[in-house]
Amino acid sequence: MSAPQQKPVVTEREARQVAEAAREQDWRKPSFAKELFLGRFRLDLIHPHPMPPDEDARRGEEFLARLRDFCESKVDGALVEREARIPDEVIAGLKELGALGMKIDTKYGGLGLTQVYYNKALALAGSACPAIGVLLSAHQSIGVPQPLKMFGTQEQKETFLPRCARTDISAFLLTEPDVGSDPARLATSAVPDGDEYVLDGVKLWTTNGVVADLLVVMARVPKSEGHKGGITAFVVESDSPGITVENRNAFMGLRGIENGVTRFHQVRVPAANRIGPEGAGLKIALTTLNTGRLSLPASCVAAGKWCLKIAREWSAAREQWGKPIADHEAVGAKISFIAATTFALEAVLDLSSQMADEDRNDIRIEGALAKLFSSEMAWLMADELVQIRGGRGFETAASLAARGERAVPAEQVLRDLRINRIFEGSTEIMHLLIAREAVDAHLSVAGDLIDPEKSLSDKAKAGAQAGAFYAKWLPKLVAGQGQLPYSYNEFKREVDLSVHLRYVERTARKLARSTFYAMSRWQGRMETKQGFLGRIVDIGAELFAMSAACVRAELLRTTEDHGREAYQLADAFCRQSRIRVEELFGRLWTNTDDLDRKVVKGVMSGTYAWLEEGIVDPSGEGPWIADAAPGPSEKENVHRPIR
């Protein structure tokens, strides 16, 4: 039977310890991005650009052709936006097509696509209807298939994967009304009872949860005799007694997604449905997200391509002051930004995906950087498109069509993309996550020096280790290939990309030196300097994108018909990126971080409350956070499986 649920009381330090314990601790494989943050530009890890095997490419292209035909003939994105629901017959068609099993091995009835082609498929489907891209991604990237693929038993795979490949939609349930990026406070419980667990709790923002047949649920197992306890992952049948989908949530964008609130009241789950051991749930979730996060950059790339298409067509048709608006420098700069950034985002996505397929490199930082950079840049591209379109960018597609103009959903794309800066780790959380991985080498040798709980003997030992490490590492940050005028000359064509790779090499060393200076200055307080850490990560993201863009340009030069144009786009992106990097470096040490903290204290203490006078607050009544106390549901079950 279930125990009374109490909300965990967790200190800041305890929360950090839970997050740290869930990290993958070892680096068994090389990582291009990790080396970059350490000041080592390992171009050999990404160049020549890895390529998929011919058979994988053939199968991937064949599926893309079928998917394109389906999207063009069966999907009406405007209808989904208008009715806020993907028609059941469209979902049934996706099932028949095999789209639910794109990442599932063929021996379990799936298509067995590579990460590269899975992402291409998500981009294609998402361009037709963003809600479909989310449905497929949530099902396969973080839903039941991926955790089982990596951590499931053979019996679990044989039981659930064939269902996920063809008929059953899955969802991932971690977030709670009062628990977001701080899982240490997770309150949903899973109490052992014989060969079962009894689940009680409430989950929020369960993408696919309204229509799901299978759920991956994260719940806290209490420690007891014979049970290690801790946050644990389970596969749960969505029609189990005691499960109620209490609400289908509505959002500013992605109106067709089936996202809800799910309550568990004394739900019995067989112990055989537990994924991995007790206490491994967060590690499973984070490991799954290492590659699962690449689905969001896929949607961003698709959005960038569409923004470029519309910007090109509209800017040629619209004239102002006697010439097309594209010929005006202010508009032309926006078009250049969209084109160059779209090229770079696709370069980052394809490189990271191919590295994931080859499994030669550790891509936990690359995947996170891809998600962070793509979500931020796609939002900017969509915003620029709305600006280029002017009043028509602010007008809905339906309104445009009603008065006889082309139904261009620019404002919808802006709304749909906004969530990507929050989904699967907000930008702020991604900054901290990547920063932690980026300084892992430093903490491995010097962490005890800045840990207030360590003894003097531990600190002395750490000091000796740190001295040996930095004696070897710091001198290597002084000079490198980036200072030699003929380095990376294989990237020198009519357009010279070698200058950008030399810049990346020099700047990676500067970035590493800046990180070391900061650690020396702030020591244990470094983790509180979130503004500084965010800028460090953003610089690393730009350097990664520049590297990927150059490598992709060289790949296209040798394998495609667009090599010259690819070099031009890569050059434009790198020059735009370098300006952003220099600005970020300037803000590392010259910023308003300290003043901002003082202002925040004033705001929160009410010192500036007078500034809020003179308005009417249109917000409704009710608590800021809904009550999530366990117990039976008092609401109608809006769960609607699609058969």
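Nothing fancy with the numbering, it's 1 onward along the sequence.
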S.K.: More than 12 heavy atoms of other residues, nucleotides or ligands under 6.0 Å from CG of Asp54: is that the case?
M.R.: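 12 or below, so no.
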S.K.: Would Leu372 and His431 satisfy side-chain contact (heavy atoms from CB on, under 4.5 Å), going step by step from the backbone distance to the final call?
M.R.: CA-CA 8 Å; Leu372 168 70; His431 278 151; 3.8 Å; yes
S.K.: Measure up the Phe41 and Phe32 rings against each other and bin them: parallel (under 30°), tilted (30 to 60°), perpendicular (over 60°).
M.R.: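 Taking Phe32 first and then Phe41, their aromatic rings stand perpendicular (interplane angle over 60°).
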S.K.: Between Ser547 and Val504, which heavy-atom pair has the shortest distance, and what is it?
M.R.: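 For Ser547 versus Val504, the nearest heavy atoms are OG-CG1, 3.6 Å.
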S.K.: What pair of heavy atoms forms the shortest contact from Ser374 to Cys300, and how long is it?
M.R.: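 Closest approach of Ser374 to Cys300: O-SG, 3.5 Å.
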S.K.: Fit a plane to each ring of Phe532 and Trp589, take the angle between them on a 0 to 90° scale, and name the class: parallel (under 30°), tilted (30 to 60°) or perpendicular (over 60°).
M.R.: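 Tilted, since the angle between the ring planes falls between 30° and 60°.
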S.K.: Are His500 and Arg578 close enough that a side-chain donor and a side-chain acceptor fall under 3.5 Å?
M.R.: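 Looking only at side-chain atoms, Arg578 and His500 do form a donor-acceptor pair, the distance falling under 3.5 Å.
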S.K.: Please answer whether the main-chain N or O of Gly230 pairs with a side-chain N or O of Thr232 as donor and acceptor at a distance below 3.5 Å.
M.R.: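 Such a contact is found between Thr232 side chain and Gly230 backbone.
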S.K.: Give a yes or no answer on whether the side chain of Arg513 reaches the backbone of Leu477 with a donor-acceptor pair at less than 3.5 Å.
M.R.: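 Checking the backbone N and O of Leu477 against the side chain of Arg513, a donor-acceptor pair under 3.5 Å is found.
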S.K.: Short question: side chain of Lys371, backbone of Phe423 - any donor-acceptor pair under 3.5 Å?
M.R.: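 Here the side-chain-to-backbone pair exists.
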S.K.: Looking at Arg364 and Glu437, is any side-chain nitrogen of the basic one under 4.0 Å from a carboxylate oxygen of the acidic one?
M.R.: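 Result for this pair is yes, salt bridge flagged.
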S.K.: So, the side chain of Gln140 versus the backbone of Met102: is there a donor-acceptor pair under 3.5 Å, distance only?
M.R.: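 Side chain of Gln140 to backbone of Met102, a donor-acceptor pair under 3.5 Å: yes, one is there.
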S.K.: Hey, are the side chains of Asn420 and Leu417 touching, using non-hydrogen atoms and a 4.5 Å cut-off?
M.R.: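 Result yes, sub-4.5 Å side-chain heavy-atom pair found.
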S.K.: Salt bridge or not for Glu494 and Arg564, using N-O below 4.0 Å?
M.R.: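 Here Glu494 pairs with Arg564 in a salt bridge, since their nearest N and O are under 4.0 Å apart.
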S.K.: Please step through side-chain contact (heavy atoms from CB on, under 4.5 Å) for the pair Ser31 and Asn361, ending with a clear verdict.
M.R.: CA-CA 6 Å; Ser31 165; Asn361 295 345; 5.9 Å; no
S.K.: Quiz question: by atom type and distance under 3.5 Å, do the side chains of Gln576 and Ser336 form a donor-acceptor pair?
M.R.: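 Short answer, yes.
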S.K.: Taking atom CG of Leu584 and atom CD of Glu582, what is their separation to the nearest 0.5 Å?
M.R.: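 CD of Glu582 is found 9.5 Å from CG of Leu584.
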S.K.: Which pair of heavy atoms, one from Gly602 and one from Ser605, lies closest together, and at what distance?
M.R.: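 For Gly602 versus Ser605, the nearest heavy atoms are O-OG, 3.1 Å.
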S.K.: Flag the pair Met381 / Leu385 as yes when at least one side-chain heavy-atom distance between them is below 4.5 Å, and no otherwise.
M.R.: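 No, their side chains stay 4.5 Å or more apart.
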S.K.: So, are Asp362 and Lys34 salt-bridged, with charged N and O less than 4.0 Å apart?
M.R.: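 Looking at Asp362 and Lys34, the cut-off is not met.
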S.K.: Please tell me if the side chains of Met526 and Leu533 come closer than 4.5 Å, counting only heavy atoms from C-beta onward.
M.R.: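 Yes, their side chains come closer than 4.5 Å.
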S.K.: Any chance you could measure Ile284, atom CD1, to Gln146, atom CD, to the nearest 0.5 Å?
M.R.: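 Here the rounded value is 12.0 Å.
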S.K.: So does Gly482 get a backbone contact from the side chain of Arg506, meaning a donor-acceptor N/O pair under 3.5 Å?
M.R.: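 A pair under 3.5 Å: yes.
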S.K.: Working to the nearest 0.5 angstrom, can you tell me the gap between Arg293 CZ and Leu286 CG?
M.R.: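 Taking CZ in Arg293 and CG in Leu286, the distance rounds to 7.0 Å.
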S.K.: Less than 4.0 Å between a side-chain N and a carboxylate O, is that true for Arg436 and Glu527?
M.R.: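 Between Arg436 and Glu527 there is no salt bridge, as every charged N stays at least 4.0 Å from the carboxylate O atoms.
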S.K.: Please check: side-chain N/O of Arg509 versus main-chain N/O of Val478, any donor-acceptor pairing under 3.5 Å?
M.R.: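 Checking the backbone N and O of Val478 against the side chain of Arg509, a donor-acceptor pair under 3.5 Å is found.
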S.K.: Any salt bridge between Asp538 and Arg580, counting N to O under 4.0 Å?
M.R.: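 A salt bridge is absent here (no side-chain N lies under 4.0 Å from a carboxylate O).
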S.K.: Ser487 side chain to Gln481 main-chain N or O, any donor-acceptor pair under 3.5 Å?
M.R.: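 Yes; at least one donor-acceptor contact below 3.5 Å.
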S.K.: Once the angle between the rings of Phe373 and Phe573 is folded into 0 to 90°, is it parallel (under 30°), tilted (30 to 60°) or perpendicular (over 60°)?
M.R.: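 Ring orientation, 0 to 90° scale: perpendicular.
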S.K.: Could you tell me which residues satisfy side-chain contact (heavy atoms from CB on, under 4.5 Å) with Ala566, sequence neighbours excluded, listed by chain and number?
M.R.: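 Ala566: side-chain contact (heavy atoms from CB on, under 4.5 Å) contacts with Phe343, Ala553, Leu556.
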S.K.: Do Ser137 and Val134 have side-chain heavy atoms sitting under 4.5 Å apart?
M.R.: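 The answer is no; the side chains never approach within 4.5 Å.
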S.K.: Is the backbone of Ile429 close enough, under 3.5 Å, to the side chain of Ser426 for a donor and an acceptor to pair up by distance?
M.R.: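 Here the side-chain-to-backbone pair exists.
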S.K.: Rounded to the nearest 0.5 Å, how far apart are CD1 of Ile539 and NZ of Lys510?
M.R.: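 Spacing of CD1 (Ile539) from NZ (Lys510) equals 8.0 Å.
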S.K.: When you look at Lys334 and Gln387, which way does the side chain to side chain donor-acceptor pair (under 3.5 Å) test go after all the steps?
M.R.: CA-CA 9 Å; Lys334 298 179 187 302; Gln387 191 72 15; over 6 Å; no
S.K.: Of the options Ser353, Ser141, Ser295, which is the one that meets Tyr118 in a side-chain hydrogen bond (donor to acceptor under 3.5 Å, both in side chains)?
M.R.: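 Answer to the side-chain hydrogen bond (donor to acceptor under 3.5 Å, both in side chains) test with Tyr118 among Ser353, Ser141, Ser295: Ser141.
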S.K.: With under 30° as parallel and over 60° as perpendicular, where do the rings of Phe516 and Trp473 fit, or are they tilted in between?
M.R.: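 Ring orientation of Phe516 relative to Trp473: perpendicular.
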S.K.: Could you check Arg535, Lys529, Arg587 and say which one makes a salt bridge (Lys or Arg N to Asp or Glu O under 4.0 Å) with Asp593?
M.R.: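 For Asp593, the salt bridge (Lys or Arg N to Asp or Glu O under 4.0 Å) check succeeds only for Arg535.
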S.K.: Tell me, do Gln530 and Glu428 make a side-chain contact under 4.5 Å, heavy atoms counted?
M.R.: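 No, too far: nothing below the 4.5 Å cut-off.
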S.K.: Salt bridge between Glu505 and Arg502, side-chain N to carboxylate O under 4.0 Å?
M.R.: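 Arg502 and Glu505: not salt-bridged.
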S.K.: Between Leu414 and Trp379, is there a side-chain heavy-atom distance shorter than 4.5 Å?
M.R.: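 Yes. Closest side-chain heavy atoms under 4.5 Å.
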S.K.: Report the C-alpha separation of Asp350 and Val301 in whole Å, then their side-chain angles, then the decisive distance to 0.1 Å, and conclude whether the side-chain contact (heavy atoms from CB on, under 4.5 Å) test is met.
M.R.: CA-CA 10 Å; Asp350 281 3; Val301 168; over 6 Å; no
S.K.: I need the minimum non-hydrogen distance between Ser352 and Leu294, along with the two atoms involved.
M.R.: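 Minimum heavy-atom separation between Ser352 and Leu294: CB-CD2, 3.8 Å.
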S.K.: Is the backbone of Leu296 close enough, under 3.5 Å, to the side chain of Ser299 for a donor and an acceptor to pair up by distance?
M.R.: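 Between the backbone of Leu296 and the side chain of Ser299 there is a qualifying donor-acceptor contact (under 3.5 Å).
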S.K.: Restricting to non-hydrogen atoms, name the atom on Leu113 and the atom on Gly60 that form the minimum distance, rounded to 0.1 Å.
M.R.: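 So the minimum-distance heavy-atom pair works out to CD2-CA, 4.1 Å.
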S.K.: Atom CG in Leu38, atom OG1 in Thr515: separation rounded to 0.5 Å?
M.R.: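 So the gap between those two atoms works out to 8.5 Å.
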S.K.: Decide yes or no on side-chain contact (heavy atoms from CB on, under 4.5 Å) for Met355 and Ile46, but give the supporting numbers first.
M.R.: CA-CA 8 Å; Met355 291 166 71; Ile46 61 173; 4.1 Å; yes
S.K.: Of all the heavy-atom pairs spanning Ala339 and Leu308, show the shortest one and how long it is.
M.R.: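 Looking at all heavy atoms of both residues, the shortest contact is CB-CD1, 3.7 Å.
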S.K.: Between the main-chain N or O of Val116 and the side-chain N or O of Asp357, is there a donor-acceptor pair closer than 3.5 Å?
M.R.: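 A pair under 3.5 Å: yes.
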S.K.: Determine whether Arg557 and His562 make a side-chain contact, defined as any pair of heavy atoms from C-beta on separated by less than 4.5 Å.
M.R.: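 No, too far: nothing below the 4.5 Å cut-off.
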S.K.: Around Trp306, counting heavy atoms of other residues, nucleotides and ligands shown, do more than 12 lie under 6.0 Å from its CH2?
M.R.: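 Enclosed: over 12 neighbouring heavy atoms sit under 6.0 Å from CH2 of Trp306.
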S.K.: Could you tell me the separation between the OH atom of Tyr117 and the NZ atom of Lys120, rounded to the nearest 0.5 Å?
M.R.: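 The NZ atom of Lys120 is 6.0 Å from OH of Tyr117, to the nearest 0.5 Å.
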S.K.: Could you pull out all residues at least two apart from Glu55 that satisfy side-chain contact (heavy atoms from CB on, under 4.5 Å)?
M.R.: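 Once residues adjacent in sequence are excluded, the partners of Glu55 under the side-chain contact (heavy atoms from CB on, under 4.5 Å) criterion are Arg58, Arg59.
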S.K.: Within the 4.5 Å heavy-atom criterion, are Val599 and Tyr608 side-chain neighbours or not?
M.R.: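 Yes. Closest side-chain heavy atoms under 4.5 Å.
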S.K.: Give a yes-or-no answer on whether the side chains of Ser577 and Glu542 include a donor-acceptor pair shorter than 3.5 Å.
M.R.: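 Checked: Ser577/Glu542 side chains pair up, N/O donor to acceptor below 3.5 Å.
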